[in-house]
Structure formats: structure tokens, C-alpha cells
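Just below is one structure, and these are the notes that go with it.
The analysis underlying the following values was restricted to heavy atoms, covering all of them including side chains, and did not include hydrogens, waters or symmetry mates.
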Amino acid sequence: MHRDALARFGHALSDPTRTQILLSLRTGPAYPSELAEQIGVSRQILSNHLACLRGCGLVVAVPEGRRSRYELADRRIGHALDDLLGLVLAVDPACCPATDDKECC
């Protein structure tokens, strides 16, 4: 059971676009159009990745009229991402010379 939960999280992080979505949602909810523009992908590509993240249980869609807002399913996911990022950079600071949360490695 624990193995499966971590494998789901690892699967979500295995794609740079999904990772960027999760990192973006750490700061708060967003609409798909905003996320697509921020990340630099088409809405269709973003939609596919959001479906994957929903399936992994990491994000939820909150209906707002005809639109849906996306947010992390649990705020602890954001804390876990911060901790994981801090750990990776502490172990190998040369891995990711970028100063922001852009794709690296």
C-alpha cells in the first residue's frame, strides 16, 4: 500500500509538465488557462496532465460555475514538494543551477 502511494507520487513527478503544475499549485489554486499560459503548453496537453494528476489523487478540480479551478488535493503535498526540492538541492546543489522552480537536470 505504501509502495503504491509513493509510486503514484513518483509517476506524477516523472514528467516535467506535471512537476511544473504541482509546483505552480503550491502557491494556490489556478484555472487551467492560467496554468497552460504560465507553463507554456497547450490547453489540451495541460488537460491531459491534470487528468493524470487527478487520477493520482494529487490535485482536485473545484467547480465554479462553468469553470473549474484546480488546487492541490491536500496542502501537505506542497510541503512535501518543498521538502523534496530542498533535499535534492542539498544533496547535489550542482544538479539544478536554476534559481527558480524551472525544469532542470
> Between V60 and R54, is a side-chain contact (heavy atoms from CB on, under 4.5 Å) present by the stated rule, with each step listed?
Replying inline: CA-CA 6 Å; V60 294; R54 279 193 321 270; over 6 Å; no
Closest heavy-atom contact between [X] and [Y]?
X: T19; Y: L13; answer: OG1-O, 2.9 Å
X: R26; Y: L72; answer: CA-CD1, 3.9 Å
X: I77; Y: A73; answer: CD1-N, 4.1 Å
X: S24; Y: L35; answer: CB-CD2, 3.8 Å
X: R8; Y: C56; answer: NE-O, 3.0 Å
X: P32; Y: L46; answer: O-CD2, 3.0 Å

[atom1]/[X] to [atom2]/[Y] distance, rounded to the nearest 0.5 angstrom?
X: H49; Y: Q44; atom1: NE2; atom2: CD; value: 10.5 Å
X: R43; Y: N48; atom1: CZ; atom2: CG; value: 14.0 Å
X: R76; Y: D82; atom1: CZ; atom2: CG; value: 14.5 Å
X: L58; Y: L81; atom1: CG; atom2: CG; value: 8.5 Å

Does [Y] offer a backbone N or O that forms a donor-acceptor pair with the side chain of [X] under 3.5 Å?
X: R18; Y: H11; result: yes
X: R69; Y: A30; result: no
X: E34; Y: Y31; result: yes

> Quick one: which of D83, L85, L89, V91 gives a side-chain contact (heavy atoms from CB on, under 4.5 Å) with L87?
Replying inline: V91
> Do V62 and E71 have side-chain heavy atoms sitting under 4.5 Å apart?
Replying inline: yes
>> I want to check something: taking the side chain as every heavy atom from C-beta on, are I21 and Y70 in contact at a cut-off of under 4.5 Å?
In response: no
